Number of protein chains: 2
Amino acid sequence: MQSSDIKKAGLKVTLPRMKILDLLENSGERHLKAEDIYKMLLDADEDIALATVYRVLTQFETAGLVNRHHFEGGHAIFELNDGEHHDHLVDIKTGRVVEFYDEIIEKRQKEIAKENGFTISEHTMILYGNFEE
Amino acid sequence: MQSSDIKKAGLKVTLPRMKILDLLENSGERHLKAEDIYKMLLDADEDIALATVYRVLTQFETAGLVNRHHFEGGHAIFELNDGEHHDHLVDIKTGRVVEFYDEIIEKRQKEIAKENGFTISEHTMILYGNFEE
DNA sequence: ATGTATGCAAAACATTTGCACCTGG
DNA sequence: CCAGGTGCAAATGTTTTGCATACAT
């Protein structure tokens, strides 16, 4: 929907890019594999190659529009970058993902980095487990 | 060196398993890719297949002897499980890895899980960045 | 027009698996 | 001896790339 974001990233506003950004914004699921996006495009009768999905996602990542995470399972998942950092709770069985943000943890991370003479450029924290029914 | 660990895991004490465990314990680098281990074995003139390295590492993981982590880069890294959980600082440029453990963070993680009706079975936290020279 | 993007197929990796042969207990 | 382990090659799953064609500006 926001073709301005694509333009801002120095990318031409093409149909594949708009469709993919639209899915990331409005598909209802924030955390998607490239394959998921590809299948949703097929379902929507969009003739977009999987290779293009990967290329676009990588460009979006470079532009700061999306984040790429490496959850367990050997594949990456992508989510819209809403500007606010957050971490993840991942249900091992269902794959359900819940985001959270904790001030205390963020503060400690910075302190720990400092103690180690380390400058954080980014970080991920993933808690794997099960949600109660 | 500790063939007893292998036996305890219900696995036969074979040369490949001993060599791989030895590397994990004494190679000087705690965080290794399967490929790294394979190359070290080649350098040591051990005729062990990459497939075996993967099989053994997976068995060790199941037995709780090693942990598998998914750092950035599309490959898994393996480290000896010394029984104590810890998190990682990873240098983006050099690949250097430093482990740390923080009581305050661990405590907050448990509280956050509780707030979300979530039972943690394991978790990873990785800070990516740069160490000062 | 012209530099970018895309589709397609092939390539590149990381990891797993089938199968015949070998080996530890 | 014999279940379990291993090497090799082929298969799998994910992501990247080369190239000819198509499109945005």
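Proteins come first, then strands; the chains are lettered A, B, ... in the order of their sequence lines, and each starts at number 1. The structure displayed is predicted, hence computed values, not measured ones.
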* To do: Using a cut-off of strictly less than 4.0 Å between a heavy atom of the residue and any atom of DNA chain D, enumerate the qualifying residues of residues 60-68 of chain B by number.
  => none

* Arg17(A) side chain near dT6(C) phosphate (N/O to OP1/OP2, under 4.0 Å) -> yes

* To do: Answer yes or no: does a side-chain N or O of Thr14(A) lie under 4.0 Å from OP1 or OP2 of dT6(C)?
  => yes

* Expressed in angstrom and rounded to an integer, what is the separation of Leu11(A) atom CG from dA5(C) atom C1'? -> 10 Å

* Asked: In whole Å, what is the span from the CG atom of Asp36(B) to the P atom of dT15(C)?
  -> 11 Å

* Bounds of contact between DNA chain D and chain A, in 5' to 3' order, using a heavy-atom cut-off under 4.0 Å -> dT14(D) to dT25(D)

* **Cluster companions of Leu15(B) among Ile, Leu, Val, Met, Phe, Trp, Tyr (side-chain spacing under 4.5 Å)** => none

* Let me know the distance between OH of Tyr54(A) and C1' of dA5(C), rounded to the nearest Å. => 19 Å

* Asked: To the nearest angstrom, how far is Gln59(B) atom CD from dT17(C) atom C1'?
  -> 13 Å

* **Partner of His75(A) by side chain to side chain contact (heavy atoms under 4.5 Å, CB included), out of Lys33(A), Glu35(A), His70(A)** => Lys33(A)

* Name the residue closer to the 5' end of DNA chain C, choosing between Ala76(B) and Ile48(A) according to the nucleotide with the nearest heavy atom. => Ile48(A)

* Asked: How many Å lie between CG on Asp47(A) and P on dT6(C), as a whole number?
  -> 13 Å

* Asked: Base, sugar-phosphate, or nothing: which does Arg55(A) touch, judged by heavy atoms less than 4.0 Å apart?
  -> base

* To do: Calculate the interatomic distance between Glu35(B) atom CD and dT16(C) atom C1'; express it in whole Å.
  => 15 Å

* Asked: dT15(C) C1' sits how many Å from Ile37(B) CD1, rounded?
  -> 14 Å

* Could you tell me whether Lys114(A) and Glu111(A) make a salt bridge, using a distance below 4.0 angstrom between a side-chain N and a carboxylate O? => no

* To do: May I have the distance from Lys12(A) (atom NZ) to dT6(C) (atom C1'), rounded to whole angstrom?
  => 12 Å

